[in-house]
J.: 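This is the structure, below, for whatever I ask next.
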Amino acid sequence: MIKKKTTVPRSLASFSKTALQCLGGLTPERFMHEHWQKRPLVVRGAFPSWQMPAKGSRPINKGDVFALSADERLPSRFVNASYELRHGPFRRRQLPSLKSPGWTVLVQQTNAVWPASEAFLDTFRFVPSCRLDDLMVSLASDQGGIGAHVDSYDVFLIQAYGCRRWEVAETFQPDIQDGLDLKILKRLKPEAIYDMHPGDLLYLPPGVAHRGTAQGTNCITYSVGFRAANRLEIADQSFMAHLGGLSDSPWKDPWLKATDRPSRIPARLLKTMTDQVMACLPTRQQVENQVVASLSEPASSVYFNPPHSNAKTLARFRADLQKGCEIQLRLGSRILIAGRRIAMNGEIMSLSTLPKALESKTAEYLEVLAEQRRLDSKYCNAIALNPLILEIFYKMYLAEFIVI
């Protein structure tokens, strides 16, 4: 039986077994089994409406890229034909004309400030959100690109406008060119070459060498990147967070005895000191909490500035929810769930003070908010009717994690 293809399923919770146009008719289950972190995938017409210039709205166009590259909140880079690198933000006059060949401008974390970018990422929600990094957009003039390189993360490369030629090799020499800020391979012998046109998609797992070169002007490529969290940073954060809760009490050993062999460490001293040092190390549960919290950290471009002067009072907040308003996650906000742990923007949310029934109901609301990025009036009215749950969402509102 052939499953019906669709582009973006209505319910994010039900499409792992649905054949998707953007994956060339593969189900997400099959894609993850056969391609994820294993081998590249090319899909022609992954977004078929984009193949006609006048049809199919893209989340970001040429004018948007120039505007985003000037946004000081977003990391942006300019690379010229000699692979010289400059960091933004950039005013429009600081960038060459698209008639001048060999340059590209790249803007990262666009989904943190651009609603259409966040909506576009729903296409790839079959990968756990804790792995999703950002949507990067690159605009290039003819022959523009950043050279042959290797990424340490998974990426979907989607051609939005123009044409880009991708040269790909899974076997390559790792030598890097000297004297450049970018890590560009000295040589790349492509094993495959793809000319990607609007609507085409290329998935590359980590460790595959590739070079993308614009073929003509107004070449715009979207890069959906999936990075793993830095293990050493999480370990350091977990240790320091635990250590911060301990008192630095002085060492005491009134039981210590005189010795004729001072080079020997008394067994009791070694055991006691080892036990005390071990007490300074976080438990597995504490480490898991830190991992979950770290994975929920928002992008560096996202800033929260609570409390804001025009914030609604609790009474007004409740009234708005009862009038049919919706709750939406603020752009850049992240909620992640691991068992009974719920983390939002780098913080573990404590629901344990609630009665069991309310704890379960609140967790349900937060999961819906995490999956759909919104709570409709039905949920909002239920929240407004319960003071304890209302207080939790009101604090999220004051922290600017959600908007009405």
Side-chain angles (χ1 to χ4, degrees), residues 1-48 50 111 118-136 149-159 164 166-172 190-194 196-197 199-210 212 221-231 234 288 291-292 294-296 334-339 341 343 367-368 370-373:
M1 179 178 177
I2 299 176
K3 296 182 180 179
K4 182 180 178 181
K5 296 179 183 178
T6 184
T7 47
V8 182
R10 293 181 180 178
S11 172
L12 297 180
S14 63
F15 72 144
S16 63
K17 301 180 186 299
T18 303
L20 301 182
Q21 180 76 50
C22 65
L23 297 178
L26 296 178
T27 64
E29 247 184 18
R30 185 173 169 188
F31 168 80
M32 299 299 284
H33 177 71
E34 296 180 1
H35 292 275
W36 182 256
Q37 300 233 315
K38 301 176 187 70
R39 58 193 178 99
L41 174 68
V42 175
V43 179
R44 300 293 183 184
F47 297 87
W50 296 8
N111 51 297
E118 185 65 50
F120 175 69
L121 291 178
D122 282 346
T123 309
F124 305 95
R125 297 290 182 191
F126 54 83
V127 180
S129 295
C130 63
R131 288 282 271 109
L132 175 62
D133 187 42
D134 71 342
L135 173 63
M136 182 182 77
H149 63 285
V150 183
D151 292 325
S152 59
Y153 53 88
D154 303 84
V155 63
F156 291 93
L157 300 159
I158 306 101
Q159 195 63 24
R164 187 180 292 273
W166 288 102
E167 300 168 90
V168 178
E170 297 187 59
T171 303
F172 56 91
E191 299 167 352
I193 299 176
Y194 308 106
M196 308 297 283
H197 298 279
D200 292 346
L201 174 147
L202 170 64
Y203 163 75
L204 294 175
V208 175
H210 54 286
T221 305
Y222 301 155
S223 301
V224 181
F226 294 83
R227 289 174 173 83
N230 186 298
R231 293 172 295 175
I234 293 177
E288 286 182 352
V291 170
V292 174
S294 297
L295 289 173
S296 75
R334 304 186 77 184
I335 299 178
L336 294 178
I337 299 168
R341 294 183 183 88
E367 184 166 9
V368 173
E371 296 291 339
Q372 307 292 343
R373 301 194 65 81

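We use all heavy atoms of the structure for the numbers below, so side chains are in, but hydrogens, waters and symmetry mates are not.
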J.: Drop me the distance from Trp166's CH2 to Ile193's CD1, to the nearest 0.5 angstrom.
T.: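 Going from CH2 on Trp166 over to CD1 on Ile193, the span is 13.5 Å.
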J.: Looking at every heavy atom in both Arg164 and Gly212, which two are closest together, and how far apart are they?
T.: NH1-O, 3.4 Å
J.: Output all residues satisfying ring pair (Phe, Tyr, Trp, His ring centres under 6.0 Å) with Phe120, sequence neighbours left out; order by chain, then residue number.
T.: Phe47, Trp50, Phe124, Tyr222
J.: Which residues pass the side-chain hydrogen bond (donor to acceptor under 3.5 Å, both in side chains) test with Asp151, not counting sequence neighbours?
T.: His210
J.: Search all heavy atoms of Thr27 against all heavy atoms of Ala19 and return the closest pair with its distance.
T.: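 Closest heavy-atom pair between Thr27 and Ala19: CG2-N, 3.8 Å.
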J.: Can you check side-chain contact (heavy atoms from CB on, under 4.5 Å) on Leu132 and Val127, steps first, answer last?
T.: CA-CA 8 Å; Leu132 175 62; Val127 180; over 6 Å; no
J.: Output the distance between atom CZ (Arg131) and atom CG (Asp154), rounded to the nearest 0.5 Å.
T.: 5.0 Å
J.: Partners of Glu191 by side-chain hydrogen bond (donor to acceptor under 3.5 Å, both in side chains), sequence neighbours excluded?
T.: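 For Glu191 there are no side-chain hydrogen bond (donor to acceptor under 3.5 Å, both in side chains) partners, ignoring immediate neighbours.
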J.: How far apart are the closest heavy atoms of Leu201 and Cys22, and which atoms are they?
T.: CD1-O, 3.7 Å
J.: Can you tell me how far the CG atom of Leu121 sits from the CZ atom of Phe156, to the nearest 0.5 Å?
T.: 11.0 Å
J.: Can you name the salt bridge (charged side-chain N to carboxylate O under 4.0 Å, His left out) partners of Asp133, sequence neighbours left out?
T.: Arg227
J.: Sequence neighbours left out, what passes side-chain contact (heavy atoms from CB on, under 4.5 Å) with Val368? Give chain and number order.
T.: Gln372, Leu375, Tyr379
J.: Taking atom CD of Gln37 and atom OH of Tyr203, what is their separation to the nearest 0.5 Å?
T.: 6.0 Å
J.: Return the set of residues passing side-chain contact (heavy atoms from CB on, under 4.5 Å) with Val150 (not counting sequence neighbours), or none when no residue passes.
T.: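 Once residues adjacent in sequence are excluded, the partners of Val150 under the side-chain contact (heavy atoms from CB on, under 4.5 Å) criterion are Phe172, Leu185, Ala209.
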J.: Please enumerate all residues that pass side-chain hydrogen bond (donor to acceptor under 3.5 Å, both in side chains) together with Arg39, with sequence neighbours excluded.
T.: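 In terms of side-chain hydrogen bond (donor to acceptor under 3.5 Å, both in side chains), with neighbours along the sequence ignored, Arg39 is linked to no residue.
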J.: Let's go through Leu26 and His35 carefully: what are the C-alpha distance in whole Å and the side-chain angles of both, what is the deciding distance for side-chain contact (heavy atoms from CB on, under 4.5 Å) to 0.1 Å, and is it a yes or a no?
T.: CA-CA 10 Å; Leu26 296 178; His35 292 275; 3.9 Å; yes
J.: Quick one: salt bridge (charged side-chain N to carboxylate O under 4.0 Å, His left out) partners of Arg334, sequence neighbours excluded?
T.: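 Salt bridge (charged side-chain N to carboxylate O under 4.0 Å, His left out) check on Arg334 returns nothing, list empty.
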J.: List for me each residue that meets side-chain contact (heavy atoms from CB on, under 4.5 Å) alongside Pro40, sequence neighbours excluded, and say none if there are none.
T.: Glu170, Leu204, Pro205
J.: Mind checking side-chain hydrogen bond (donor to acceptor under 3.5 Å, both in side chains) for Ser296 and listing every partner two or more places apart, or none if nothing turns up?
T.: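 Listed in chain order: nothing, the list is empty.
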J.: Taking only residues two or more places apart in sequence, or in another chain, which ones meet Val292 in a side-chain contact (heavy atoms from CB on, under 4.5 Å)?
T.: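 Ala338, Arg341, Ala343, Ile348.
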J.: Closest approach of Lys38 and His33, non-hydrogen atoms and distance?
T.: CE-O, 2.9 Å
J.: So, taking the atom named CZ in Phe31 and the one named CG in Leu20, what distance separates them when rounded to the nearest 0.5 Å?
T.: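 Result: 10.5 Å between the selected atoms.
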J.: Would you say the ring centroid of Phe226 lies under 6.0 angstrom from that of Tyr153?
T.: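 So the answer is no for these two rings.
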J.: Using the side chain to side chain contact (heavy atoms under 4.5 Å, CB included) rule, pick out the option among Cys130, Ser129, Pro128 that qualifies with Leu295.
T.: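 Of all the options given, the one that passes is Cys130.
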J.: Measure the CZ-NZ distance between Arg30 and Lys17 for me, rounded to the nearest 0.5 Å.
T.: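 It comes to 14.0 Å.
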J.: Between Ala169 and Pro190, which heavy-atom pair has the shortest distance, and what is it?
T.: CB-CA, 4.3 Å
J.: Any idea which heavy atoms bring Val168 and Leu202 closest together, and the distance?
T.: CG2-CD2, 4.3 Å
J.: What pairs with Glu118 under salt bridge (charged side-chain N to carboxylate O under 4.0 Å, His left out), at least two apart in sequence or on another chain?
T.: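 Glu118 satisfies salt bridge (charged side-chain N to carboxylate O under 4.0 Å, His left out) with Arg125, Arg373 once adjacent residues are dropped.
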J.: For Tyr194 and Gln159, what are the C-alpha separation, side-chain angles and deciding distance, and is it a side-chain contact (heavy atoms from CB on, under 4.5 Å)?
T.: CA-CA 12 Å; Tyr194 308 106; Gln159 195 63 24; over 6 Å; no
